[in-house]
Chemist: 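Starting off with a structure, shown below.
Below, all heavy atoms of this structure are taken into account, side chains as well, without hydrogens, waters or symmetry copies. Chain identifiers are assigned alphabetically (A, B, ...) following the order of the sequence lines, protein sequences preceding nucleic acid strands; residue numbering begins at 1 within each chain.
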Protein chains: 2
Amino acid sequence: MILEKKKAFNSFAAEKGLRSTRQRDIILDIFLSTHQHISVEELYLKIKSSNPGIGHATVYRTLKLFAESGLAREIHLHDGQTRYEHAMEGEHHDHLVCTGCDTIIEFEDETIEKLQREIASRHGFKINNHKMEIYGLCSDCRK
Amino acid sequence: MILEKKKAFNSFAAEKGLRSTRQRDIILDIFLSTHQHISVEELYLKIKSSNPGIGHATVYRTLKLFAESGLAREIHLHDGQTRYEHAMEGEHHDHLVCTGCDTIIEFEDETIEKLQREIASRHGFKINNHKMEIYGLCSDCRK
DNA sequence: TTTGTATTGAAAATGAATATCAAAAGCATA
DNA sequence: TATGCTTTTGATATTCATTTTCAATACAAA
Ligand SMILES: [Mn+2]
Ligand SMILES: [Mn+2]
Ligand SMILES: [Zn+2]
Ligand SMILES: [Zn+2]
């Protein structure tokens, strides 16, 4: 699974004429070892702990590449930081965000997706992507 | 309609013990005269053209107040700027955003809203608010 | 190797939003 | 109307995430 993703990114890089670098390998490894909606800064710190030489800008640049390759998805919740999550071909989900404890629950709802497509086509739009976030309090935080 | 909104904000201000100031009056007037998803900077420039004295910070502060009073709603699309739109009691809508020309189409879909409530309750969440944006190309931009 | 180009990282720059704080304005009271 | 207290304002500085710059370095093709 992780190996497949690495291969996928390598083909993407090859097609784009990108060079293979130590930094990108390291960042990819560490990104793939994380779970769930990690912020750039969080990932940067994680990377730096084992690879002090790697710079801020490189992490930013590389995560953009991952997103472009389809390996990662950029997320914007409302704390002013860009986050990334793993993305797999054809998979999509939305988020239920607890504003109390920052827990994020992922969900999929094909009925909603279908309604979205209908709304878009009714207005002559060709959907590229969408986002849907439901903010509220989880059961723990309501106690 | 505009008058009602002004009254509503004035009662909100009164209840909160806020003073009534020339600046807030002006900003409210101009905000109410605009349409659709204006960015803070756009509004600031509009305001400055007739009222050069008013400062940046005051516009930011005042828009926050409008949102708090329920008069305005804060919007975050993905250009890194906060936008505000008029909000009316109990009204809610979502957005279809053209990434070609920045046109925004508003829509409401009660079926989707209901499904959202179901999803939330299935996970024990109490919804506070939500956002849903569909990004794509409008018919003009696809030509 | 050599050579041309892509990549990197430190540092500076950007841009939106917020904080600071002295001066000005609002308002209750005398 | 004048006084005094408190809020508000606006210039400016600051913060913070992200991007840009650019010289040094690394990659890969020949
Ligand atoms: Mn997710
Ligand atoms: Mn709207
Ligand atoms: Zn919670
Ligand atoms: Zn368009």
Chemist: Once you round it to whole Å, what is the distance between P of D:dA11 and OH of B:Tyr44?
Modeler: 7 Å

Chemist: Specify whether A:His78 and A:Tyr135 have parallel, tilted or perpendicular ring planes, treating 30° as the upper limit for parallel and 60° as the lower limit for perpendicular.
Modeler: parallel

Chemist: For DNA chain C, list all stems, counting runs of three or more consecutive pairs where every pair is Watson-Crick or G-U wobble with both distances under 3.5 Å.
Modeler: C:1-30 with D:1-30

Chemist: Check the phosphate of D:dT18 against A:Lys64, side-chain N and O only, distance under 4.0 Å to OP1 or OP2. Yes or no?
Modeler: no

Chemist: In whole angstrom, what separates B:Asp79's CG from C:dG15's C1'?
Modeler: 12 Å

Chemist: Measure NE2/B:His56 against C1'/C:dT20 and give the value in whole Å, please.
Modeler: 17 Å

Chemist: Please report the C-alpha distance between B:His93 and B:Glu108 in whole Å, then the side-chain angles of each, then the deciding distance to 0.1 Å, and finally whether the side chain to side chain donor-acceptor pair (under 3.5 Å) criterion is met.
Modeler: CA-CA 5 Å; B:His93 63 257; B:Glu108 293 172 72; over 6 Å; no

Chemist: Separation of B:Asp25 atom CG from D:dT9 atom C1', in whole Å?
Modeler: 14 Å

Chemist: Assess whether a salt bridge exists between A:Glu74 and A:Lys64, defined as any Lys/Arg side-chain N lying under 4.0 Å from an Asp/Glu carboxylate O.
Modeler: no

Chemist: Whole-Å distance between D:dT18 C1' and B:His78 NE2?
Modeler: 15 Å

Chemist: Using the ring centroid of each side chain, check whether B:Phe66 and B:Phe9 are separated by less than 6.0 Å.
Modeler: yes

Chemist: Less than 4.0 angstrom between a side-chain N/O of A:Tyr60 and OP1 or OP2 of D:dT19, yes or no?
Modeler: no

Chemist: What is the distance from CZ of A:Arg61 to P of C:dA10, rounded to the nearest Å?
Modeler: 11 Å

Chemist: Let me know the distance between CD1 of A:Ile26 and C1' of C:dT7, rounded to the nearest Å.
Modeler: 14 Å

Chemist: Charged N to carboxylate O under 4.0 angstrom, B:Glu110 versus B:Arg117?
Modeler: yes

Chemist: Would you give a per-nucleotide map of nucleotides 25-30 of chain C, 5' to 3', where B means the base has a protein non-hydrogen atom under 4.0 Å away, S means only the sugar-phosphate does, and - means neither?
Modeler: BBS---

Chemist: Looking only at the aromatic ring of each residue, does the gap between the centers of A:His86 and A:Phe31 stay below 6.0 angstrom?
Modeler: yes

Chemist: Give a yes/no answer on whether the side chain of B:Thr82 brings an N or O atom under 4.0 Å of OP1 or OP2 in C:dA16.
Modeler: no

Chemist: Should the pair B:Lys6-B:Asp29 be classified as a salt bridge under the 4.0 Å nitrogen-to-oxygen rule?
Modeler: yes

Chemist: Answer yes or no: is there an ion pair linking B:Glu85 with B:Arg83, defined by an N-O contact shorter than 4.0 Å?
Modeler: no

Chemist: Remember a base hit wins even if backbone is also touched, and classify B:Arg24 as base, sugar-phosphate or nothing at under 4.0 Å, heavy atoms.
Modeler: sugar-phosphate

Chemist: Classify the ring geometry of B:Tyr44 against B:His56: parallel below 30°, tilted from 30° to 60°, perpendicular beyond 60°.
Modeler: parallel

Chemist: If I take atom CD in residue B:Glu41 and atom P in nucleotide C:dT18, what distance separates them, rounded to the nearest angstrom?
Modeler: 14 Å

Chemist: Answer with base, sugar-phosphate or nothing: what part of the nucleic acid does A:Gly53 contact at a heavy-atom distance below 4.0 Å?
Modeler: sugar-phosphate

